[in-house]
Structure formats: structure tokens, C-alpha cells
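Dropping the structure in here first, questions after.
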Amino acid sequence: MAELSRRMRALVQPHLASIEPYDPAFAPCRINLSANENTYPVPEPVRAAIDAALAATPLNRYPDPMANALRDELAVWHGLARENVCVGNGGDELLFNFLFAFTGRGRTLVTCPPDFSEYAFFASLVEAGAVAVPRDPETFAVDGDALVAAAATADAVIITSPNNPTGNLVPLPLIERVCSACPGLVMVDEAYGEFAPAGSSAVPLIARHDNLLVLRTLSKAFGAAGIRLGYVLAAPDVIDVLAAVRQIYSVNVLTQAAATAAVRLRGAYRPVVDQIVAERARMTERMAALAPAGVTVWPSAANFLLVRVPAAAEVRRRLRDEYDILVRDFSATPGLAGCLRLTVGTPEENDALAAALTRLVTTEAKELS
Ligand SMILES: *Cc1c(COP(=O)(O)O)cnc(C)c1O
């Protein structure tokens, strides 16, 4: 679906008339490294615990609206209290609810593009004014002084760390400066936080900054994108707002049961995350070795790499059609000309992708131009 019918354009709220739904450009492929999912098998003890929890869950009763058992588990993990946690149907629901509650018509949201495209989309749904503080076009570093200046008059700020799709972190001292400068709310989106070096999370700053929210999800490191579970950590009165605006039963009983089991056994994911981090380093080297063929790779603290390749859209198409490998094309996104995003998969998946990419940008380079 590209655009609304004429009839619907006339009937929806005027600001929704030109809206286009998020398109992940999915195509079924043998190797899918396009959506930053965890492609490793769920650790066996976790899978067993999830299966047992699902089997023991009655389906006839409404869910616990706030998912308190899960909140408690998340709170223990992060050294906080239940009152500091709100769960949602994926991080996306919480992002929308955050913007719905704290921005809206006549208010402003500050972001640092290129970043997660959902921010701008959700902001448009709630008619928030989007203020962009662009990243450095070469390094993708955030312009700290410009961000702090913009935050000083903002109703809300979203900082993505590690950033999707550029992979880099925002330093904690800058996050603190933004929290101090902003009269509104500051959300740090840590969807990829588990893949970042220890000490890069903003969660410990919540104790000092009551306008800070940290967004996390089970969709990436936990390999549970299908169950739709995200959560926000923040001061209790911020959580009260998110609790008040949310759809009360948005996190269903099966998701609550599976997520609680997975979070309880979170230690079992450590080897998986460590392996993805090691594979990230290996893939970064392999991409860096393609520099003579015109390939650029940026350092990443997440489970994906941003690369710039010659004829990116064509390379992405040929990876899909000739090699059955799906990656994400960002080459049409402002600031990301020539860029593809490669999820770090299993060693076998990564080898297949690296070999195919190498062939496409070296031996077959002539055909492409
Ligand atoms: C994946 C992602 C999320 C949330 O994803 P959900 O599956 O909705 O939990 C949030 N922010 C960023 C930057 C992401 O990449």
C-alpha cells in the first residue's frame, strides 16, 4: 500500500492524508540479515522454560494490565523498582505512546538523523514538530553543542545509542548535558544496548535525572522480535504517564509468560551476545578489507554494520535475487547515500554474505557500472 485512496484522503484527519506506512521492504530469503533480529537459536534452557511457561498459561483470562511479574524481573535486572518500569507491545508502542503523551501539535521533538525512521513517522502521526540535529556526515557523531541547544527548548528528545542504522554510541556525559538542558523529557533508545560495551548504558543516570527515559526491547539481543515486548525505565511519575495512556491489555498473556521466562534466564544469552560481538569484529575486518573496491564500513556497537558500497541499491537487489540474501538498503535515506545495513548473523550467514558482497563489489564490479 503506497498511498490512501482518494476517498480516504478526504475522510481521514488532514495531517494523515499523505501518510505512508512503515515499509521494512521484506522479501522471503534463505538468509535474512535485514531487520537486526538475533538469528541464533534461542539457548536450550530458555526455550524449555518459555515452552513450559506458555503451556501453563490460561488463555481465558485477561492479562495483568501492567505485567507486574515481568516488571519485577526487569526491575531486579536493572537495579530499579517495579515503579520504574512500563512494558509495551514492542518498543514501537512505547515510542508512540511517549510522543503521544509528551509531544503533539505545537510541540517539538528533537532527534539526530539519520536515525530510526519510526521517530519521524510517529511524530507526524501526533503532529509534533520535528527538529533535526543532523549527525556529522562522515563519522555520524552527534553534534553535542547543537543537540544541547536544541534540547533547551524541546518538549522531547530522542537519542539512539547505539544508533540505528549508524551503529555508534552517544557518550554518557552528553546525555547528561541534554537531560540538564531539556525542560521536557529525554528518551535514550537502547534497543541494541546489550551489544554495546559495558558501561555505555544510560540506565544508571535515571537516578540523577528524573526527565530521562531509557527504552529497551527483547526484539534484538533476546531473539524475541516475534513476541513484541519492549519496556521503558524511568522515574515513577514518568512511568505513571505511560501507564495512563497505554492500551491496557497491549501485552498479552503469552508474551508476558515468555518474556518473564526469558528475562529470568537472561544470563543464558551472554554467550550468544558475545559471539555476535565477535562476529561483528570479524565482519568489520572483512568489510574494511574491501576498501580498495570502494567499500566503507563504520565501527558499530550494535548487532549490525553500516557499509557504503558502489551501486548500493543494485548490490542489495543482486544479493537478494542471485544469492538469496536480504540486507537493508538505506541508499535513498538523506545522509546515507550508498549505504546498506548488514545484520550480524551466525558465522555461516556472515561468511555467505561476505563472500557474495566481495564478489559483487570486486570481480563483478565492471558489470555493475
Ligand atoms: C528495533 C528497534 C526498536 C524497537 O523494536 P521493537 O521490536 O518494537 O521492540 C526501537 N528502536 C530502535 C532504534 C530499533 O532498532
Side-chain angles (χ1 to χ4, degrees), residues 21-26 32-39 67 70 74 85-100 109-123 125 135 140 142 156-170 175 186-196 200-203 213-234 242 246-247 250-252 255-256 258-259 262-263 269 273 276 280 298 300-306 327-328 330 333 336 339-344:
Y22 179 72
D23 176 14
F26 178 74
N32 179 355
L33 298 174
S34 70
N36 298 341
E37 295 143 336
N38 179 343
T39 65
L70 174 56
L74 292 165
V85 186
C86 184
V87 298
N89 189 319
D92 286 353
E93 181 187 46
L94 293 159
L95 277 169
F96 178 84
N97 288 351
F98 171 66
L99 296 178
F100 175 72
L109 166 71
V110 172
T111 59
C112 301
D115 56 12
F116 193 37
S117 61
E118 298 281 64
Y119 308 149
F121 175 60
F122 292 156
L125 290 184
R135 290 162 181 269
F140 298 119
V142 166
V157 177
I158 301 179
I159 298 172
T160 326
S161 186
N163 185 45
N164 176 11
T166 62
N168 54 327
L169 290 160
V170 174
I175 290 172
V186 178
M187 175 179 275
V188 177
D189 183 343
E190 294 188 353
Y192 302 95
E194 290 90 346
F195 302 106
S200 17
S201 172
V203 171
L213 301 81
V214 177
L215 177 72
R216 315 218 18 162
T217 177
L218 300 199
S219 294
K220 310 288 164 49
F222 278 84
I227 73 171
R228 312 304 303 130
L229 193 286
Y231 58 100
V232 160
L233 306 171
L242 294 176
R246 68 193 290 274
Q247 303 286 315
S250 70
V251 180
N252 70 74
T255 294
Q256 291 192 27
V263 173
Y269 290 89
V273 169
I276 292 171
R280 177 179 78 203
W298 282 267
S300 171
N303 67 337
F304 56 82
L305 297 176
L306 189 73
V327 300
R328 190 69 188 271
F330 280 92
T333 301
L336 297 177
C339 288
L340 302 176
R341 191 191 65 195
L342 319 176
T343 302
V344 176

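Computation of the quantities below employed the complete heavy-atom set of this structure, encompassing side-chain atoms and omitting hydrogens, waters and symmetry-equivalent molecules. Atoms within each ligand, like the ligands themselves, are counted from 1 in listed order.
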Under 4.0 Å to a heavy atom of Ala191 - the qualifying atoms of ligand 1, by number
2 (C), 3 (C), 10 (C), 11 (N), 12 (C), 14 (C)
Under a 4.0 Å heavy-atom limit, does Asp189 contact ligand 1 with its side chain, its backbone, both, or neither?
side chain
Give a yes or no on whether a salt bridge exists between Glu93 and Arg228, defined as a side-chain N under 4.0 angstrom from a carboxylate O.
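Result for this pair is no, no salt bridge flagged.
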Is any N or O atom of Gly230, backbone or side chain, closer than 3.5 Å to an N or O atom of ligand 1?
no
Side chain to side chain, Glu118 and Asp92, heavy atoms closer than 4.5 Å:
yes
Among Asn252, Val251, Val263, Thr217, exactly one meets side-chain contact (heavy atoms from CB on, under 4.5 Å) together with Leu229. Which residue is that?
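One option only clears the test, and that one is Val251.
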Does the side chain of Glu37 come under 3.5 Å of the side chain of Thr343 through a donor N or O and an acceptor N or O?
no
I need the atoms of ligand 1 closer than 4.0 Å to a non-hydrogen atom of Thr217, numbered in the order shown.
6 (P), 9 (O)
Among non-hydrogen protein atoms, atom 8 (O) of ligand 1 lies closest to Arg228 NH2, 2.7 Å
Are any of the heavy atoms in Asn36 under 4.0 Å away from ligand 1?
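It does not; every heavy atom stays at 4.0 Å or beyond.
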Under 4.5 Å between any side-chain heavy atoms of Pro114 and Thr166, yes or no?
yes
Quick one: which ligand 1 atoms are inside 4.0 Å of a heavy atom on Asp92?
4 (C), 5 (O), 8 (O)
The atoms of ligand 1 lying under 4.0 Å from a heavy atom of Thr160, numbered in the order shown, are 13 (C)
Would you kindly say whether Asn89 and Arg246 are connected by a side-chain donor-acceptor distance under 3.5 Å?
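Side chains of Asn89 and Arg246: no pair found under 3.5 Å.
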By number and element, which atoms of ligand 1 are closer than 4.0 Å to a non-hydrogen atom of Gly90?
8 (O), 9 (O)
Between Asn303 and Tyr192, is there a side-chain donor-acceptor contact under 3.5 Å, judged purely by atom types and distance?
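Their side chains do not contain a donor-acceptor pair, so the 3.5 Å distance test is not met.
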Distance-only side-chain donor-acceptor flag, Tyr119 / Asp189, under 3.5 Å:
yes
Atoms of ligand 1 less than 4.0 Å from Tyr192 heavy atoms?
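It comes down to these atoms of ligand 1: 1 (C), 14 (C), 15 (O).
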For atom 3 (C) of ligand 1, find the nearest protein heavy atom and state the residue, atom name and distance (0.1 Å precision).
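Going atom by atom, the protein heavy atom closest to atom 3 (C) of ligand 1 ends up being Lys220 NZ, 3.6 Å.
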